[in-house]
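Here the structure is laid out as structure tokens; the discussion comes afterwards.
Since the structure is predicted, the reported quantities are computational estimates derived from the model, not experimental observations.
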Amino acid sequence: MLDKKNPDYDWWGAAVNWEWAGVVPDSKWMENVTSYEDLPVLWNATTAHVEPLHIKVLTYNLYWWSLFEKNGGSDGAAGKLVAESGNHTPYDLMAFQECENIDWVLGDAGLSDSYEYSEVFYSICLAWRNETWRKLVSGYDAVATDGGWVRNNKWGDRIVSWARLEHRETGDKLFFANHHGPLPLNSGGEAGGLATAHNLLAAIKAHAEEGDVIVFTGDFNSDYRSATVKMLSTRLILGYHGESFGGIDNIFANTGKASFTDRRNLGGAGSDHDALTATVVVPTSARAVAALAAGARKEAVAKAAAAREAEGALRGQDGPPGSKGLGQENGGAGRAVVLAAPVGLVALALWGWAA
């Protein structure tokens, strides 16, 4: 099967499933793997901020040897794609695969001063907007290797590169991870999809802290039908996937099924993969909602009490001799004061908060 968009596709063994001999039972990547039921368990993330947290994400395999080494960046094509798609709303997080020089990419995008990035490991790059996020720690873990005749190709062991970040305004913690998965396509590499998924989840759990928002992106070399992605999807939400090579570029998060918005395929701009973007909306925690409701109730009760006090003061005022008090005039001006108060506030004071 030859991919028309990339004639070298078969060379990397990505589509030669007929040469795939299956997993290697004694592979070191199988050491901690038992059953899909024992996959590391993660958590659902929320924000303690009173408003949901919006995180705009990009994942993009840059096809480095062709787009950059062979064609000199094609007049900054990839950088222009990044700049234009992030012009209205800047990216919070950007993940690149087959990325040998992130300074080149950010420079072409005119974003060199706007983003910090982690050290490049195995041609995987992570970048985050420095105005919004600050780095706490970063690193990488080897999780798999290619299988079949593709083993020991130029990529070597396959890794997950990660950075733990803190939101400068809200204090929310974010675990941002990026992966370039093993070949052959959809195989999961030497140890298979279950082992690769297990090792990826284990790496996330080892370095993230419970409660962290998790955003996990990359070119997994596995699509939504593969064992790798199916196993990952039991612990994280697959919010968006691309179309290139069957949809092997993916964006996951731990923020719930309804948390992905503004999902777009941006095209390749000279790469054999399409750049993908999505916004992850982190929901407000139940505790924050309750605190907000309690504050609103307290404020409403105080306003209702002030209205009652004003009514009492008016009722206690006497008019000229032989006239009714101001509080009794035409059915009671004080009563009008109460009626002028928002009905919801009075109801709140009398019967309490109703969700």
(message) Let me confirm one number: the CG-CD1 distance from Asn199 to Ile204, rounded to the nearest 0.5 Å.
(response) 11.5 Å
(message) Tell me which one of Phe96, Tyr63, Phe245 satisfies ring-ring contact (aromatic ring centres under 6.0 Å, His included) with His273.
(response) Phe245
(request) Give a yes-or-no answer on whether the side chains of Asn250 and Tyr224 include a donor-acceptor pair shorter than 3.5 Å. (result) no
(message) Would the distance check show the side chain of Ser271 and the main-chain N or O of Asn61 forming a donor-acceptor pair, the cut-off being under 3.5 Å?
(response) yes
(message) Applying a strict under-4.5 Å side-chain criterion to I, L, V, M, F, W and Y, I'd like to know whether Tyr36 and Leu236 cluster together.
(response) yes
(request) Could you point out which residue of Val281, Val213, Val282 forms a side chain to side chain contact (heavy atoms under 4.5 Å, CB included) with Thr47? (result) Val282
(request) Please examine the side chains of Trp29 and His198, heavy atoms only from C-beta on, and report whether any two atoms are closer than 4.5 Å. (result) no
(message) Using a strict threshold of under 4.0 Å (side-chain N to carboxylate O), is an ion pair present between Lys80 and Asp75?
(response) yes
(message) Between Asp146 and Arg158, is there a side-chain heavy-atom distance shorter than 4.5 Å?
(response) yes
(request) Could you give me the CA-CA distance, side-chain angles and deciding distance for Leu58 and Leu266, then say whether side-chain contact (heavy atoms from CB on, under 4.5 Å) is met? (result) CA-CA 10 Å; Leu58 172 78; Leu266 302 172; 3.8 Å; yes
(request) Determine the minimum heavy-atom distance between Leu126 and Ala95, stating which atoms define it. (result) CD2-CB, 4.5 Å
(message) Is the ring pair Trp104/Phe68 parallel, tilted or perpendicular, if the boundaries are 30 and 60 degrees?
(response) perpendicular
(request) Look up atom CG in Asn44 and atom CD1 in Ile214, then write down how far apart they are to the nearest 0.5 Å. (result) 9.5 Å
(message) Could you tell me if the side chain of Val41 sits less than 4.5 Å from the side chain of Arg235, heavy atoms only?
(response) yes
(message) Using a 3.5 Å distance criterion without hydrogens, assess whether the side chain of Asn265 forms a donor-acceptor pair with backbone atoms of Gly267.
(response) yes
(request) Identify whether Leu238 and Met231 are in the same connected component of the hydrophobic contact network (ILVMFWY, side-chain heavy atoms under 4.5 Å). (result) yes
(message) Is the shortest side-chain heavy-atom distance between Ile237 and Ser259 below 4.5 Å?
(response) no
(request) Assess whether side-chain contact (heavy atoms from CB on, under 4.5 Å) is satisfied between His207 and Asp141, documenting all intermediate values. (result) CA-CA 10 Å; His207 301 293; Asp141 291 84; 2.8 Å; yes
(message) By the definition ring-ring contact (aromatic ring centres under 6.0 Å, His included), identify the one residue from Tyr140, Trp162, Phe220 that meets it with His179.
(response) Phe220
(request) Step by step, work out the side-chain contact (heavy atoms from CB on, under 4.5 Å) result for Lys28 and Asp157. (result) CA-CA 12 Å; Lys28 68 177 183 177; Asp157 289 342; 4.2 Å; yes
(request) Apply side chain to side chain donor-acceptor pair (under 3.5 Å) to the pair Tyr60 and Thr277, showing each step before the final yes or no. (result) CA-CA 9 Å; Tyr60 190 10; Thr277 180; over 6 Å; no
(message) Quick check: closest heavy atoms across Gly188 and Thr196, and the distance to 0.1 Å?
(response) O-OG1, 2.7 Å
(message) Within the 4.5 Å heavy-atom criterion, are Pro90 and Tyr115 side-chain neighbours or not?
(response) yes
(request) State the NE2-CG distance between His167 and Leu53, to the nearest 0.5 angstrom. (result) 5.0 Å
(request) Keeping the roles fixed (side chain from Asn186, backbone from Asp223), state whether a donor-acceptor pair exists under 3.5 Å. (result) yes
(message) Please identify which of these residues, Glu98, Gln97, Glu100, meets the side chain to side chain donor-acceptor pair (under 3.5 Å) condition with Ser123.
(response) Glu100
(message) Counting C-beta onward and ignoring hydrogens, is there a side-chain heavy-atom pair between Asn101 and Val105 closer than 4.5 Å?
(response) no
(request) Apply the test side chain to side chain donor-acceptor pair (under 3.5 Å) to residues Asp92 and Trp133: give CA-CA distance (whole Å), side-chain angles for both, the deciding distance (0.1 Å), then the verdict. (result) CA-CA 8 Å; Asp92 287 277; Trp133 302 92; 3.0 Å; yes
(message) Test of understanding: clusters of I, L, V, M, F, W, Y form through side-chain heavy atoms closer than 4.5 Å, transitively. Do Phe176 and Phe252 belong to the same one?
(response) no
(request) Might you point out which heavy atoms bring Gly242 and Leu276 nearest each other, and give the distance in Å? (result) N-CD1, 3.3 Å
(message) Quick check: closest heavy atoms across Leu67 and Ser74, and the distance to 0.1 Å?
(response) CD1-OG, 3.5 Å
(request) Would you indicate whether Asp38, at its atom CG, is surrounded by more than 12 heavy atoms from other residues, nucleotides or ligands within a distance under 6.0 Å? (result) yes
(request) Could you tell me whether the side chain of Asp219 and the main chain of Asn221 form a donor-acceptor pair under 3.5 Å? (result) yes
(message) Show the nearest heavy-atom pair for residues Ala203 and Val160, with the distance to one decimal.
(response) CB-CG1, 3.8 Å
(request) Might you work through the side-chain contact (heavy atoms from CB on, under 4.5 Å) test for Tyr240 and Val57, ending with a clear yes or no? (result) CA-CA 11 Å; Tyr240 193 42; Val57 182; over 6 Å; no
(request) Could you check Asn178 against Ser161 for side chain to side chain donor-acceptor pair (under 3.5 Å), going step by step and ending with a plain yes or no? (result) CA-CA 5 Å; Asn178 185 16; Ser161 181; over 6 Å; no
(request) Can you measure from CZ (Arg129) to NZ (Lys56) and round to the nearest 0.5 angstrom? (result) 10.5 Å
(message) Could you tell me if the side chain of Asn254 sits less than 4.5 Å from the side chain of Phe216, heavy atoms only?
(response) no
(message) On a heavy-atom basis, which atom in Ala77 and which in Ala269 lie closest, and how many Å separate them?
(response) CB-O, 3.4 Å
(message) For a 4.5 angstrom cut-off between non-hydrogen side-chain atoms, does Ser222 reach Ile248?
(response) no
(message) Is it the case that atom CZ in Arg264 sees more than 12 heavy atoms from other parts of the structure closer than 6.0 Å?
(response) no
(message) Hydrophobic clusters here meaning ILVMFWY residues chained together by side-chain heavy-atom distances under 4.5 Å, can you tell me if Ile124 and Leu93 are in one?
(response) no
(request) Report yes or no: does Asn87 contribute a side-chain atom to a donor-acceptor pair with the main-chain N or O of Ala83 at less than 3.5 Å? (result) no
(message) I need the Asp212 CG to Glu166 CD distance, nearest 0.5 Å.
(response) 10.5 Å
(request) To the nearest 0.5 angstrom, please state how far the CG atom of Asn130 sits from the OG atom of Ser114. (result) 6.5 Å
(request) Would you kindly confirm whether Val143 and Val229 end up in one hydrophobic cluster when ILVMFWY residues are joined by side chain heavy atoms under 4.5 Å apart? (result) yes
